[in-house]
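Worksheet: one structure, shown below.
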Amino acid sequence: MTETTVVGACPHDCPDTCSMLITVEDGRATAVRGNPDHPFTRGGLCVKVNNYQDRVYSPDRVLHPLRRSGPKGSGRFARISWDEALDEIKRRWTAIIDEHGPAAILPYSYLGTEGILNGLNVGDPFFNKLGATISERTFCDSGSCTAYFMTIGPTPGVDPEAFRYSKYIVLWACNTMSTNLHHWPFIAEAQAQGAKVVVIDPVRTRTAKKADWHIPIRPGTDAALALGMINVIIEEDLVDHDYVADYTLGYDELKQRAADYPVDKVAAITGIPAEDIRTLAREFATTNPAVVRIGVAIERHAGGGQTVRAVACLPALTGAWRHVGGGILQLPIWAFPMDWGKLLRPDLQTPGTRVLNQWRLGPALVGEMDLDPPIKSLFVYNSNPAVVAPEQGKLLRGLAREDLFTVVSEHFITDTAQYADIILPATTQLEQEDIMFSWGHLYLSFNNKAIEPLGEAVPNTELFRRLAATMGFDDPFFQRSDARMIEEALDWSSPALGGIGLDKLRETGYARLNVGAPETYAPHREGNFLTPSGKCEFKASMAENGNFVLSLFRQGSEEFQSGEPVDPLPHYIPPNESPATNPALAKRYPLNLMSPKSHAFMNSSYGNMPQQLHHAGEQALMLSPADARDRNIGDGMPVIVSNDRGSFQAVARVDEDVMPGVVVAPLGYWRKLSRGEATVQAVNSGAYADLGNAPTFSDNLVEVAPVAAVQAAE
Ligand SMILES: Nc1nc2c(c(=O)[nH]1)N[C@H]1C(S)=C(S)[C@@H](COP(=O)(O)OP(=O)(O)OC[C@H]3O[C@@H](n4cnc5c(=O)[nH]c(N)nc54)[C@H](O)[C@@H]3O)O[C@H]1N2
Ligand SMILES: Nc1nc2c(c(=O)[nH]1)N[C@H]1C(S)=C(S)[C@@H](COP(=O)(O)OP(=O)(O)OC[C@H]3O[C@@H](n4cnc5c(=O)[nH]c(N)nc54)[C@H](O)[C@@H]3O)O[C@H]1N2
Ligand code: SF4
Ligand SMILES: [Mo]
């Protein structure tokens with residue numbers, strides 16, 4: 001027997017990007033574990049990935065191309081060859097292009113794998129050349145990015161490892177223990193040395209339970225809290241006036257704006273006692289280094305963008321940036337010198353090509369959007385829209401259209417793949433080579449291929465090489481090898497990659513970017529923000545051009561600019577759906593639903609895997625004892641959650657950890673494995689937040705009733 005250890009990297013859309021050691025015995029992977037040498041991974045993986053080999057060798061893996069052999073959605077498929085699959089795609093697409101033009105084809109993808117080669121942008125050059133509808137992918141942090149860029153620019157912010165030097169840590173809409181697990185040891189180290197850890201979340205999460213102070217807040221009201229804090233900091237003169245004078249823009253205007261948010265008003269909006277708001281503001285301003293870690297969840301409501309604007313102003317106001325471990329952390333991904341142009345090839349686009357946002361898939365497919373040409377073909381890879389996109393009812397009706405030619409590249413027959421005409425087999429991370437950035441630390445990672453591809457599965461890079469050849473794209477660019485792509489993916493001449501050679505990287509599996517050591521890293525000690533003015537812009541100059549979405553999220557096409565100026569000062573935009581802002585709707589649907597991440601799933605990935613399902617249990621709906629009592633709901637009772645958009649079923653979990661008025665249904669459960677064949681997306685709205693066309697998953701009103709009561713009434 002030969003046993004080897006291969007160094008790889010976890011492929012998932014998770015900030016931790018763990019370095020993974022894979023044990024391979026006679027060509028078969030038998031175990032995976034976290035790399036003990038990696039300063040962030042520290043030898044552990046998570047409950048999602050610690051049996052990754054079971055995902056790879058799952059009997060349910062799709063290992064060969066499949067063609068639908070029953071009615072749409074029946075889940076009946078027959079094996080075909082790659083040649084047959086590609087021929088059929090060519091035939092159907094050619095007919096569609098002849099009749100409707102290439103814009104009738106819609107690519108749909110996200111981050112099933114996050115590798116620089118096989119991830120977000122792998123299909124962009126192909127679809128740009130094809131002339132397909134441009135897919136605007138604002139699933140994650142798009143609104144937050146727009147706001148962050150407007151305020152401090154694309155800066156990595158605080159080094160996650162430098163949290164060990166912090167004295168005041170605010171985890172804001174971030175469930176670190178579940179979604180950013182490997183960051184916790186750095187926070188715990190600071191806590192052990194006396195730092196205060198504060199969690200701002202409507203739910204007493206696993207993370208909140210470890211905090212020194214949990215502040216429950218009404219969903220979607222965080223901007224009011226941040227502005228209330230700014231008000232207190234200014235009124236009580238806790239401002240770092242030198243920092244503000246030297247490195248910020250618009251202080252006087254911000255001061256005036258913050259005056260609109262007196263503490264009592266903010267208390268009424270957020271549900272947080274006025275004295276707590278004052279204490280939070282004072283402690284944040286006076287306990288340096290102070291840092292805020294914002295979760296992606298902070299953007300998921302009508303005013304998500306302005307929330308991040310307000311929060312991102314805080315550390316400049318108090319001068320927290322002067323200190324190592326002080327400031328704000330969003331996505332350190334901006335430290336990686338990516339060569340996006342080479343990856344996305346926006347130059348291949350035909351100017352004026354239609355753009356469709358991924359939140360609109362349901363309405364687009366059912367003909368609600370009056371699209372010309374209509375969508376006649378859907379190509380899905382790296383995503384499972386049937387479970388991760390809103391308006392599930394419409395989406396499923398759309399996917400069931402007999403005239404819609406749907407191709408899905410997948411590991412499994414997901415709820416989306418179930419509706420495919422053709423399914424193409426994709427490799428997992430163990431079967432492919434890739435290079436990885438991180439949005440949770442400052443290490444570049446290399447994923448060595450550990451085993452040969454199973455069956456006829458191919459990496460996404462190879463998938464698009466095959467599609468390009470099939471469609472007759474003869475530009476050699478489309479046949480670039482993975483090795484060449486790795487060389488071209490990053491700007492290897494950038495100082496950030498100084499001293500990092502590819503050969504060494506392959507061997508060690510990771511390398512810290514050359515940005516200085518965590519113990520000295522304070523990128524904005526002296527300003528140097530990456531905004532147009534080089535300052536932290538309390539008053540955002542970019543607001544003049546209006547709302548925008550980063551080109552990265554739109555197949556590299558021009559940034560969408562609404563053109564309509566937005567208010568350049570941070571402000572509170574109330575939720576679309578809340579008892580305070582929409583009392584008529586709240587009369588019928590009084591409860592605010594949130595659908596954060598599951599501890600044991602990775603978005604909808606692993607929602608079919610035995611170990612993770614066992615850990616997660618059935619889809620639950622968490623609700624407060626008061627709300628349960630009002631509805632005669634007992635713990636463990638099956639309930640129906642509904643609004644005008646649809647309904648889904650769950651098992652009630654009556655729990656004091658959630659605020660009254662708020663209910664929580666974690667994301668990730670598969671529809672076909674759920675009661676009533678619907679998931680939380682059945683009730684979620686497709687409305688955009690104010691900036692970056694971000695989602696509004698924390699901004700939905702519902703009513704909850706016992707299944708038995710609903711059935712008795714029918
Ligand atoms: N286990 C696990 N880890 C993951 C993922 C996963 O699916 N599972 N997904 C990965 C991905 S893609 C992402 S984007 C990240 C997301 O990482 P996070 O943003 O941490 O993820 P969530 O769990 O969605 O939300 C965090 C917390 O925000 C709270 N919250 C929701 N709305 C509001 C609000 O309006 N205000 C406040 N203050 N709090 C609010 C929720 O109650 C929740 O506890 O996680 C990544 N890591
Ligand atoms: N209600 C609600 N909805 C949400 C969110 C929420 O918090 N609440 N979060 C949003 C956020 S932040 C995100 S990031 C999105 C996530 O949305 P997605 O990125 O679509 O996440 P997954 O559900 O994990 O789907 C990824 C699919 O890609 C497949 N896959 C994995 N690797 C490969 C590969 O190498 N090749 C191919 N072809 N396929 C592969 C997986 O099997 C999986 O089915 O969901 C969004 N939707
Ligand atoms: S999902 Fe995240 S925490 Fe789990 S192994 Fe992958 S990178 Fe690490
Ligand atoms: Mo995400």
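Read the numbers this way: they start at 1 and go in the same order the structure lists the ligands and their atoms.
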Completion exercise
In ligand 1, the atoms that come under 4.0 Å of a heavy atom of Pro202 are 37 (C), 39 (N), 40 (C)
Exercise for the section: Give the total of protein N/O/S atoms at a distance below 2.8 Å from atom 8 (Fe) of ligand 3. Expected result: 1
Problem - Nearest-contact summary for atom 7 (O) of ligand 1 - protein heavy atom, Å - result: Asn603 N, 2.6 Å
Completion exercise
Of all protein heavy atoms, the one nearest atom 27 (C) of ligand 1 is Asp201 OD2, 3.2 Å
Practice task
Please check if the side chain of His214 supplies one atom and the backbone of Asp201 the other of a donor-acceptor pair under 3.5 Å.
Solution key: yes
Practice task
Say whether, by atom type as modelled, one donor and one acceptor occur between the side chain of Ser438 and the main chain of Pro15 under 3.5 angstrom.
Solution key: yes
Exercise for the section: Using non-hydrogen atoms of the residue, decide whether Cys174 is closer than 4.0 angstrom to ligand 1. Expected result: yes
Handout entry: Distance (rounded to the nearest 0.5 Å) between Arg164 CZ and Gln191 CD
Key = 15.0 Å
Problem - Option with minimal heavy-atom separation from atom 28 (O) of ligand 1, where the choices are Ala223, Pro15, Ala297 - result: Ala297
Problem - Distance-only N or O hit between ligand 1 and Arg300, under 3.5 Å - result: yes
Handout entry: ligand 1 contact by Tyr110, heavy-atom criterion under 4.0 angstrom
Key = no
Problem - Exam field: side chain Asn576 to backbone Ala689, donor-acceptor pair closer than 3.5 Å - result: no
Practice task
Check whether more than 12 heavy atoms from other residues, nucleotides or ligands sit under 6.0 Å from atom NZ of Lys672, and answer yes or no.
Solution key: yes
Handout entry: Side-chain donor/acceptor of Asp415 to backbone N/O of Asn384, under 3.5 Å
Key = no
